[in-house]
Amino acid sequence: MTEKSNAPEKYNAAEVEPRWQSIWAERDIYRADDNSDKPKFFALEMFPYPSGRIHMGHVRNYAMGDVVARYKKAQGFEVLHPMGWDSFGMPAENAAIATGGHPKDWTYNNIDEMRAPMQRLGFALDWSREFATSDVAYYKEQQRIFLKFWEKGLVYRKTAKVNWDPVDNTVLANEQVIDGKGWRSGATVEQRDMDQWFYKITNYAEDLLEGLKGLDRWPEKVRTMQANWIGKSEGLQMRFELDNVSQIAVGQNDNLNALKEEAPINPTREEYIEFIQKALKSVPSYDDVDLNKVWESILNGVEIFTTRPDTLFGASFLALSPDHPVTKCMALNDSKFEDFRAECAKIGTSEEAISQAPKLGLDTGLRVKHPFIDGATLPVWVANFVLMGYGTGAVFGCPAHDQRDLDFARKYDLPVIPVVAPTEEKNKDSVHPSEGWGPEHNSTDLSTNALDPRLRGDGRNGGEIVEAYTGEGTLINSGFLNGLNKADGIAAATAKISEMGLGEAVTQYRLRDWGVSRQRYWGCPIPVIKCGACGSVPVPEDQLPVELPYDISFDKPGNPLDHHPTWKSEGVTCPTCGEAAERETDTLDTFGDSSWYFAAFGGSLSADGMDWDAASKWLPVDQYVGGVEHAVLHLLYARFFTRGLIDCGLLDLSHSKFGGEPFAGLFTQGMVTHATYALADEKVDKDKWVLPEDVDANDDGTFVHLPTGRPVLKGDIIKMSKSKKNVVDPDEIIKGYGADVARWFVLSDSPPERDVEWTESGVIGAWRFSKKVWSVVSDTTATHGPMAIASDASGDALELRKLAHRALEKLTAGIEAFRFNTSVAQIYELTNALSKYKGQDAARMEALGILIRAIAPFMPHLAEECWNQVGGEDLVYHAPWPTVDPKMLVDDTITMPLQVNGKRRSELNIPKDMPKDEIEALALADDAVLRSIGDATVRKVIVVPGRIVNIVAS
RNA sequence: GCGGGCGUGGUGGAAUUGGUAGACACGCAAGACUUAAAAUCUUGUUCCAGUAAUGGAGUGCGGGUUCGAUUCCCGCCGCCCGCACCA
C-alpha cells in the first residue's frame, strides 16, 4: 500500500474512542436544558439493576435508545436522555447473606463497576441527572409520594391473604407470581394472612384500560396483555335466596334456625354479626370466616356474578368456592367440608395441575330459589373450579352453555337444560330443542329424572349435548325470554332481576389492588408509625426521610429492620398522641421505585429534592425502550403511579395529548441470543455446559471441547445466561473491536423487536465495515466540507448523488419506524457506492457528509473521527440531520418491467413521462414479449405509469 | 381453552398504498495480490434443466378475488409468546 493522504492508514478504535469520549465529557454536550426553546424529546431506556455486570442485552437496549436520542438531536430537538440505577432489591441482600458484606456497599460498588463500561460504549447520556433508587434523596421523595397517595385515598392497610415466598421470606404481588411460583426465587408460593399495605390501583382500572386505546405507538401485544390483565367484564351480580339455612354454621344441628327466629326485625349489621357470633361462640376458629358475608347470605341470599343472565332458565345448580365464607362456616362444624377443602388444596397451584385438575364437588344439602320459576329450587354445591378471587366466589351453573358447568353436571348427574338454540347452521346439532321454541320452562322439580324430556340435553331426548354451546343463538325453554337473542336476553334478564330487587348490572375487573409491603431490609421504608392507641399514623413530612439504618445483621431469617436493636422503637413516638410507638418495619415493593423514576430525571432529583414542574414539562417520555418482560408489571404500575401523581397535584400533564400516560411511545426489543454447547458425555445438567470459545468444529460437523478433547453437542440458541455459559462480555468486545462495532452489530441484521443471535462472524463483519468506512474517508482528499451540495453534478457524480439521497430517505424512514436493520442496509449500500466512486469532487463530499451523519447515531466515535478528518465544522453530534433533495429521488428515464400474463419477460428503458399509448406500442414490439405471446391473441394491455406493463394474451 | 404474533434461499433477513421476490449482510465457491497465510479487492451464489442464450418451478399447505398476490379473503398445518377453571 502506498501513502494516500495524511490520514492514519488504520482506524484504531482503542485510541479514537476514549479520545472522543473525553472531548464529549469536557464539553458537556449531553446535558439537557430544562429551559430550551426547542421542542423537547425525552428518550429513555429501562434503567438497569446494578447486578455488577453489563451484558449484551443492555448494549442492545441502550444502543437503540441512543440511535433515537442522537437522531432526534440532529433533527433539532432538545433531547433528554438520562441514566440511573434500579438499585433496591433482593439480590443485594442475598449477596450480603452469602458473602457477609453489606447490601449498600455491594450495590454502590456494582454501580461504579457498571458505569465505567457503560461510558466506554459512548452513549449520549446526561450523566448529571444520574441517581440510584437507593439514594436517600430518592427514597425520601418516594416516602413523600406514599404519604400523598395516602391522603388521596390511594393507600390503605388491610389483612389479606397474600402470596408468601418462603425462599425470599417476603410477600409478592399477584403480578409477581408466575405459575404459582415467585418471579425471582422460583419457589412455590404459599397463601398467608398478613397485615399489608396496598396501593389502590383498582381505582384506575377503567382509566388504565381506556388509556390503552390512545397508545398508538405501543406494541399491540403489550396493550392486549394489559387489557387482559385488567380483565374487565360486564355482567349481573345477583342473589339466590336460600330456601333452607339450617346447615350453615351448625352442621347437623339446627339451633341456628332457632336463633334466626330470635333475630331482631331490621337489625343493623353489627347486630347481625353479634348474633351469628353468638351462634358460633362454641367454635374456636371462626376468626377466619367473613361473618358479614355469611349472614348476608343467610338473610338475603347467596351473591353470584354472571355474564350470561340470559341462560338463567338453564340453571341447574349453584356452586360455591371452597374458600367461600359460607363453605368455611359450614366446615367449622362439619368435617366433610374441611376434608373437601383439604382435597382441593392438594391439587396445587401449578399451571398444569390447574388445567388438568378434575372437577370436584360436594353437595351442601342447601337449596336456593330459582328467581324466575316459582317454587323451583336448585341444589347448592361446593366446587373446586370456582375461584374466591374473582367475582363473588359463587356462580350459578348452566351446563348446556358453559363447558366447566357441563363437565361438572356430567360427573355429578345434574340436569342439562338447553336454553340457547344456535344461530349458525353448523352448530345446530349441538343443541336439540325438541319442538319449536320448546315448552314454557316452569318446571318446579329440576331433578334430572323429573324434567320434561323436551327440556333435556342429556341424551334421554335423542340428542346429547357433548360440548357446551356458548355462541350466538335464540333463547328457548326460557319463559319470558323465549325468542330473544343473546344480547337482548341478557338485557331483559338483567332488567327483570333489578326490578325484583335481587341484583343489578355490575362491571368486574380481574385487576386486584397492589400489595406493596415487603418484609425486607433493602427497600424504601414505609413512612408509618404504629401506635397502640392511634393505629397507623403517617410520619409527618418534615420528619422525612425515614432512613435505613446501616448497622444491620442477617444472622437471623426474616427482616433485619424488625430485628434491629433500636431502629424500630428507640425514641419513636406517635406523631398524633405523643406516646411511645413503633416504626413500620416493612419496606415498599421495589416495583414502586421504577414507577416514577422517569419523572425524577426530568425533575433533576438531587439531595435538595426535585423540581416537579420541570418533570411535568419533560413528560411524557417520547420514546421508551425495554424488554417485553415488563409488559404487565412495570409498565402497568408506572401508568398507575403517573395517574396518582397527577391526582396528588405533583405532576401536571395537561399539555400532553396522551393524558395521564407516562410513555407516549414504547418499543420492546428482542433479546441477544447465543449458541450453547454441552459436553455430550456429561450427565449432570449444570456441569455439561461449556464456553463456546472452547469449542471447535470437526470436519464431519461434530464438535469437540478443546481443553479436554471431549465430544460436544450444539444446544439451542438461547438468551445469554451465565448458567448456560453462552455469555459474551461487552467489555471484552469493546477491548477487542471497539464500542462502535459492538453497537453496530447488535443493531444490524435482525429487526429490533426480534432476537438477534450473537455470532463471531457477525462481529467480524461489523468490524470490517467500520474499517471500510474509515478507508473510504481516508481515500478522500477534502476539497469541500462534508456539508457540500453538488447541485451541478452530472454523469457518475449525479448517479452517486441520487444513490446517496435515496439511501438517506430510506435510512431515515428506517430510524423513524424503529427498523434499524433496514437503515443499516442502506448505509452499507451508500458505503459500497462511495468506495467504488473515483471522483474527488463535491458529489463525493456530499455523499460522504450524508454517510458520516447517518452513521453518527450508530457509531458515534467513528463518525466524529471521520467528520473531523474531512473538515466538518464542530462535532458531528451538533450537525443537523441531512435533508433529502426530492429531485434526486426521481429519474428522467425509468426501467419498466414487461409482463406477459403476469410473468416478467422483458423490460423497457423509457423517459419517465412517456405517454401510455407509446409505452404500449413499445411493449408490444419487444422481441422477448413477442416470443412469449407466440400464437396467442393480445386481449388487453395494462400500463401502470412508472410501475409495470402487463400484457394479457390467450 | 382464550388472546397476540410469525412461517420467504444454506443462514439473518428485505420487499409497509396489490406491481421486477430474495435488497443488505453472513456463509460458500472461483479468481487477483502474496514465497505462504491473514487482510484486502473482483466475480458468482433461490432451486431444477442447459456450456449458454433461455425455459420451468418458487414466499408453510389447499382454495378464492385480481390483468397481476409474499401482500387481500376463506379453510388447514406448523412454530413462538402471553394468559389460563375469570363465571
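All of these numbers come straight from a predicted model, not from anything done at the bench. Letters A, B, ... mirror the listed sequences (proteins, then strands); counts begin at 1.
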**Q** Is the distance from the ring center of A/Phe317 to that of A/Phe396 below 6.0 Å?
**A**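 Here the rings of A/Phe396 and A/Phe317 have centres that are no less than 6.0 Å from each other.
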**Q** Would you call the rings of A/Trp767 and A/Tyr737 parallel, tilted or perpendicular, taking 30° and 60° as the class edges?
**A**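 Perpendicular: the ring planes of A/Trp767 and A/Tyr737 meet at over 60°.
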**Q** Could you measure between the two C1' atoms, the one in B/rC33 and the one in B/rU42, and give it in whole Å?
**A**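 One C1' to the other, the span is 11 Å.
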**Q** Under 4.0 Å between any heavy atoms, over every strand shown, what does A/Ser748 touch: base, sugar-phosphate, or nothing? Just pick one.
**A**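 Counting heavy atoms under 4.0 Å across all strands, no contact is made by A/Ser748.
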**Q** Atom CG of A/Leu387 to atom C1' of B/rC83: distance rounded to whole Å?
**A**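 Checked: the CG to C1' distance equals 14 Å.
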**Q** How is A/Lys903 classified with respect to the nucleic acid when contacts are heavy atoms under 4.0 Å: base, sugar-phosphate, or nothing?
**A**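 The answer is sugar-phosphate, as A/Lys903 gets under 4.0 Å only of primed atoms, P, OP1 or OP2.
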**Q** Using atom CD of A/Glu629 as one end and atom C1' of B/rC83 as the other, report the distance to the nearest whole Å.
**A**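 Atom CD in A/Glu629 sits about 17 Å away from atom C1' in B/rC83.
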**Q** Separation of A/Asp402 atom CG from B/rG1 atom P, in whole Å?
**A**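 It is 16 Å, rounded to the nearest whole Å.
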**Q** Between B/rC24 and B/rC72, how many Å separate the two P atoms, rounded to a whole number?
**A**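 My reading of the P atoms in B/rC24 and B/rC72 gives 26 Å.
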**Q** OP1, OP2 of B/rC86 versus side-chain N and O of A/Arg404: anything below 4.0 Å?
**A**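 Yes.
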**Q** Would A/Phe667 and A/Trp218 count as a close aromatic pair, with their ring centres under 6.0 Å?
**A**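 No, the ring of A/Phe667 stays outside the 6.0 Å limit from the ring of A/Trp218, centre to centre.
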**Q** Indicate yes or no for a side-chain donor-acceptor contact from A/Ser316 to the backbone of A/Pro415 under 3.5 Å, with no hydrogens or angles considered.
**A**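 Indeed, once roles are kept as given, a pair shorter than 3.5 Å links the two residues.
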**Q** Among B/rC83, B/rA15, B/rA87, which nucleotide sits nearest the side chain of A/Trp229?
**A**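 Nearest nucleotide to the side chain: B/rC83.
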**Q** Could you give the distance separating B/rA21 and B/rC26 at their P atoms, to the nearest angstrom?
**A**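 Roughly 26 Å separates the two P atoms.
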**Q** Give a yes or no answer on whether the side chain of A/Asp755 reaches the backbone of A/Met671 with a donor-acceptor pair at less than 3.5 Å.
**A**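 Flag set: sc A/Asp755 to bb A/Met671 pair under 3.5 Å.
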**Q** Rounded to whole Å, how long is the line connecting atom CG of A/Leu747 with atom C1' of B/rG12?
**A**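 After rounding, the gap between these two atoms is 15 Å.
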**Q** Between P on B/rG55 and CG on A/Asn901, what's the gap in Å once rounded to a whole number?
**A**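 Answer to the nearest Å: 14 Å.
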**Q** Please determine whether any donor N or O and acceptor N or O are separated by less than 3.5 Å between the side chain of A/Lys221 and the base of B/rC81.
**A**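 Side chain to base: no pair present.
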**Q** B/rA15 and B/rC86: how far apart are their P atoms, nearest whole angstrom?
**A**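 Rounded to whole Å, the distance is 40 Å.
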**Q** Please write out the pairs of protein N or O atoms and N or O atoms of nucleotides 17-21 of chain B separated by less than 3.5 Å, giving the distance to one decimal.
**A**
unit_1: B/rU17; atom_1: O4; unit_2: A/Arg947; atom_2: NH2; d: 3.3
unit_1: B/rU20; atom_1: O2; unit_2: A/Arg904; atom_2: NE; d: 2.9

**Q** How does RNA chain B read in dot-bracket, base by base from 5' to 3', with Watson-Crick or G-U pairs under 3.5 Å and | used when the partner is on another strand?
**A** (((((((..(((......[....)))((((((.......))))))((((....))))..(((((..]....))))))))))))....
**Q** Between B/rG50 and B/rG1, how far apart are the P atoms? Round to whole Å, please.
**A**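 After rounding to an integer number of Å, I get 49 Å for this pair.
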**Q** Classify A/Lys232 by what it touches in the nucleic acid, base, sugar-phosphate, or nothing, heavy-atom distance under 4.0 Å.
**A**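 Nothing: the residue A/Lys232, judged by heavy atoms under 4.0 Å, touches no strand.
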**Q** Give the B/S/- string for nucleotides 23-32 of chain B, one per nucleotide from 5' to 3', where a protein heavy atom under 4.0 Å of the base yields B, of only the sugar-phosphate yields S, and otherwise -.
**A** BSSSS-----
**Q** Working to the nearest 0.5 Å, report the span between NZ of A/Lys221 and CD of A/Glu753.
**A**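 Between A/Lys221 NZ and A/Glu753 CD, I get 11.0 Å after rounding to 0.5 Å.
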**Q** Give me the distance, rounded to whole Å, that separates B/rU65 from B/rU70 when you measure between the P atoms they each carry.
**A**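 The answer is 16 Å between these two P atoms.
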**Q** Which atom names give the shortest non-hydrogen contact between A/Phe745 and A/Glu757, and what distance separates them?
**A**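 It is CZ-O, 3.4 Å.
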**Q** Distance check, P atoms only: B/rA23 and B/rG9, in whole angstrom units.
**A**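 B/rA23 and B/rG9 have their P atoms separated by 13 Å.
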**Q** How many whole angstroms separate atom CG of A/Leu318 from atom C1' of B/rA87?
**A**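 To the nearest whole Å, that distance equals 11 Å.
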**Q** Quick check on B/rG62: syn or anti? Syn means the glycosidic torsion is within 90 degrees of zero.
**A**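 Anti, since the glycosidic angle lies more than 90° from 0.
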**Q** Expressed in angstrom and rounded to an integer, what is the separation of A/Arg931 atom CZ from B/rU54 atom P?
**A**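 Taking atom P of B/rU54 as the reference, CZ of A/Arg931 is at 7 Å.
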**Q** Would you find a donor on one side and an acceptor on the other, under 3.5 Å apart, between the side chain of A/Asp402 and the backbone of A/Asp405?
**A**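 Answer holds: yes.
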**Q** In terms of side-chain heavy atoms of A/Pro751, which of B/rA84, B/rA87, B/rG13 is nearest?
**A**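 Of the candidates, B/rG13 comes closest.
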**Q** Output the distance between atom OG (A/Ser906) and atom CG (A/Leu898), rounded to the nearest 0.5 Å.
**A**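 If we round to the nearest 0.5 Å, A/Ser906:OG and A/Leu898:CG are 5.0 Å apart.
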**Q** Shortest non-hydrogen contact from A/Ile894 to A/Gly946?
**A**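 Taking every non-hydrogen atom into account, CD1-CA, 3.8 Å.
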**Q** Take A/Val952 and A/Lys771, find for each the nucleotide of RNA chain B with the closest heavy atom, and name the residue whose nucleotide sits nearer the 5' end.
**A**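 Counting from the 5' end, the first nearest nucleotide belongs to A/Lys771.
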**Q** Can you give me the closest heavy-atom contact between A/Ala847 and A/Leu830, atom names plus distance?
**A**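 Distance-wise, the nearest heavy atoms are O-CD2, 4.2 Å.
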**Q** For the side chain of A/Asn384, starting at C-beta, report the closest nucleotide among B/rC85, B/rG4, B/rA87.
**A**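 Shortest atom-to-atom distance from the side chain points to B/rC85.
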**Q** Could you check whether A/Val386 gets within reach of a base, just the sugar-phosphate, or nothing at all, counting any heavy atom under 4.0 Å?
**A**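 Base, at least one base heavy atom under 4.0 Å.
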**Q** Return yes if some donor-acceptor pair links the side-chain N/O of A/Arg639 with the main-chain N/O of A/Leu208 below 3.5 Å, else return no.
**A**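 The answer is yes, because a donor-acceptor pair under 3.5 Å joins these two groups.
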**Q** B/rA39 P sits how many Å from A/Trp767 CH2, rounded?
**A**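 Distance check: A/Trp767 CH2 to B/rA39 P gives 9 Å.
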**Q** Check whether any side-chain heavy atom of A/Ile230 lies under 4.5 Å from a side-chain heavy atom of A/Arg510, and answer yes or no.
**A**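 No - every pair of side-chain heavy atoms lies 4.5 Å or more apart.
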**Q** Pick the C1' atom in B/rG64 and in B/rC80, then give their distance to the nearest Å.
**A**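 Nearest-Å result for B/rG64 against B/rC80 at atom C1': 29 Å.
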**Q** Which atom pair, heavy atoms only, marks the closest approach of A/Thr676 to A/Asp716?
**A**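 Closest heavy-atom pair between A/Thr676 and A/Asp716: OG1-O, 2.7 Å.
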**Q** Counting the atoms with a prime plus P, OP1 and OP2 as sugar-phosphate, which does A/Arg939 contact under 4.0 Å by heavy atoms, base, sugar-phosphate, or nothing?
**A**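 Nothing, no heavy atom under 4.0 Å.
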**Q** Is any side-chain nitrogen or oxygen of A/Arg905 closer than 4.0 Å to OP1 or OP2 of B/rG56?
**A**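 For A/Arg905, the contact criterion (side-chain N or O under 4.0 Å from OP1 or OP2 of B/rG56) is met.
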